[in-house]
Amino acid sequence: MAKLRIRGFEIHKGYLDLTAQRALIDALRPVLKAAPLFSPSVPGGGQMSVRMTSSGQFGWYSDASGYRYADSHPKGQAWPEIPDQVLSIWRQLTGLDRQPECCLLNYYGQDAKMGLHQDKDEADFSYPVVSISLGDDGLYRMGNQSRGGKTESIWLNSGDVVVMGGEARLTYHGVDRIRYKSSRLLPKGGRINLTLRVVT
DNA sequence: AAGTACCC
DNA sequence: CAAA
């Protein structure tokens with residue numbers, strides 16, 4: 001277990017052991033069943049290569065008209081509850097009394113990636129964002145608080161947890177690619193990232 | 001504007 | 001780039 005700090009990103013390498021990772025996957029199974037993955041469109045006409053769903057009071061959503069939080073899945077059902085194991089990681093790392101209101105689940109298949117972006121659809125940027133990596137390795141890129149300039153990258157492995165607070169809270173970040181089938185956690189391969197956020 | 005292209 |  002090592003803690004790195006890059007541009008304000010707190011990167012907890014190996015934070016979750018294999019037992020904890022497996023327990024999280026088991027806890028996510030009912031979430032995926034109640035709220036199936038979908039690939040949202042983005043403003044401008046593109047479509048995300050990542051497939052996603054959410055748990056919590058709000059889910060993150062995007063379509064041609066913009067990015068936002070939605071109080072239900074695109075098929076209409078309420079988002080399932082955030083699993084206790086996930087909330088426990090949030091409390092351990094942030095020490096906050098307030099709980100996250102959204103746990104976005106991003107699933108990266110073989111060729112999925114995510115361009116550099118800011119998390120800025122929330123009301124209060126003083127709350128950190130917590131990001132949990134499960135499954136295949138992902139090449140994580142960190143930029144600056146506005147577009148352009150030099151970036152730094154690090155491979156995130158299953159069980160790593162990143163806390164984005166302070167200067168990192170509004171720093172551009174993204175995932176260039178994954179190493180498909182580099183992990184055996186998910187038998188079908190791919191990477192799951194959980195992003196915990198206070199929304200309101 | 002979490003997409004694309006391209007460039008290093 | 002196009003568009004939010």
Side-chain angles (χ1 to χ4, degrees), chain A residues 6-9 11 28 31-32 35-75 79 82 86 100-125 127-156 160-180 190-200:
Chain A
I6 301 175
R7 299 185 180 202
F9 290 76
I11 304 170
L28 292 172
V31 169
L32 287 161
L37 295 170
F38 56 94
S39 282
S41 299
V42 295
Q47 187 167 28
M48 297 185 72
S49 54
V50 164
R51 297 199 293 150
M52 64 177 58
T53 189
S54 290
S55 55
Q57 189 182 342
F58 300 102
W60 189 84
Y61 186 71
S62 158
D63 62 17
S65 58
Y67 302 153
R68 60 193 175 275
Y69 284 94
D71 55 19
S72 59
H73 186 276
K75 298 220 161 194
W79 301 106
I82 301 177
V86 176
E101 295 159 311
C102 174
C103 173
L104 173 63
L105 187 163
N106 283 322
Y107 174 76
Y108 293 76
Q110 186 159 15
D111 298 312
K113 54 193 183 301
M114 191 177 291
L116 287 173
H117 66 279
Q118 295 171 299
D119 289 25
K120 58 174 185 183
D121 301 314
E122 302 76 32
D124 186 346
F125 303 134
Y127 290 99
V129 170
V130 171
S131 164
I132 303 168
S133 294
L134 295 167
D136 291 341
D137 306 337
L139 184 57
Y140 188 67
R141 185 191 290 261
M142 292 156 281
N144 304 286
Q145 306 214 183
S146 58
R147 288 197 180 275
K150 292 182 177 171
T151 63
E152 282 179 85
S153 297
I154 186 172
W155 280 99
L156 296 179
D160 292 353
V161 181
V162 180
V163 180
M164 288 166 260
E167 59 170 305
R169 179 62 182 79
L170 288 172
T171 296
Y172 277 83
H173 56 280
V175 173
D176 283 357
R177 62 181 183 275
I178 72 163
R179 275 184 188 133
Y180 188 62
R191 171 176 189 262
I192 287 176
N193 181 75
L194 302 177
T195 310
L196 304 174
R197 305 188 188 107
V198 170
V199 174
T200 59

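None of these values were measured; they are calculated from a predicted model. Below, read A as the first sequence line, B as the second, and so on, with proteins coming before strands; counting in each chain starts at 1. Computed from heavy atoms alone, side chains included, the values below leave out hydrogens, waters and symmetry copies.
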Please check: side-chain N/O of A:Arg191 versus main-chain N/O of A:Ser133, any donor-acceptor pairing under 3.5 Å? no
Is any side-chain heavy atom of A:His173 less than 4.5 Å from a side-chain heavy atom of A:Arg141? no
Would you sketch DNA chain C in dot-bracket for me? Only Watson-Crick or G-U wobble pairs with both distances under 3.5 Å count, crossing pairs as [ ], other-strand pairs as |, the rest as dots. |...
Has the side chain of A:Glu101 got a donor or acceptor atom that lies under 3.5 Å from a matching backbone atom of A:Phe58? no
Which residues share a ring pair (Phe, Tyr, Trp, His ring centres under 6.0 Å) with A:Tyr61, sequence neighbours left out: A:Phe38
Taking side chain to side chain contact (heavy atoms under 4.5 Å, CB included) as the test, write out the residues that go with A:Ser55, two or more places apart. A:Val31, A:Pro80, A:Ile82, A:Pro83, A:Cys103
Members of residues 115-125 of chain A that approach DNA chain B, where some heavy atom sits under 4.0 Å away: A:Gly115, A:Leu116, A:His117, A:Asp121
Taking atom C1' of B:dT4 as reference, at what distance in whole Å does atom CD of A:Gln47 sit? 13 Å
In whole Å, I'd like the distance from the CG atom of A:Asp176 to the P atom of B:dC7. 17 Å
Who passes ring pair (Phe, Tyr, Trp, His ring centres under 6.0 Å) against A:Tyr67, sequence neighbours left out? A:Trp60
Which residues pass the salt bridge (charged side-chain N to carboxylate O under 4.0 Å, His left out) test with A:Arg177, not counting sequence neighbours? none
Sequence neighbours excluded, every pair satisfying salt bridge (charged side-chain N to carboxylate O under 4.0 Å, His left out) that has a member inside residues 55-66 of chain A: A:Asp63-A:Arg68
Check: A:Glu152 side chain, A:Ile6 main-chain N or O, donor-acceptor pair, under 3.5 Å: no
Using the test side chain to side chain contact (heavy atoms under 4.5 Å, CB included), find all partners of A:Glu122 that sit at least two apart in sequence or belong to another chain. A:Tyr69, A:Asp119, A:Phe125, A:Arg169, A:Arg197
Report all interatomic pairs (protein N or O, nucleotide N or O of nucleotides 2-4 of chain C) with separations under 3.5 Å.
residue	atom	partner	partner atom	Å
C:dA4	O3'	A:Ser65	O	3.0

Residues from residues 53-61 of chain A sitting under 4.0 Å of DNA chain B, heavy atoms only? A:Trp60
Applying side chain to side chain contact (heavy atoms under 4.5 Å, CB included) to A:Leu37 and not counting sequence neighbours gives A:Leu32, A:Arg51, A:Thr53, A:Leu105, A:Tyr107
Which part of the nucleic acid does A:Lys150 contact within heavy-atom distance under 4.0 Å: base, sugar-phosphate only, or nothing? nothing
Sequence neighbours excluded, which residues qualify as side chain to side chain contact (heavy atoms under 4.5 Å, CB included) partners of A:Asp124? A:Ser126, A:Tyr127
Interatomic distance, A:Leu170 CG vs B:dA1 P [rounded to whole Å]: 13 Å
Keeping the roles fixed (side chain from A:Asn144, backbone from A:Thr151), state whether a donor-acceptor pair exists under 3.5 Å. no
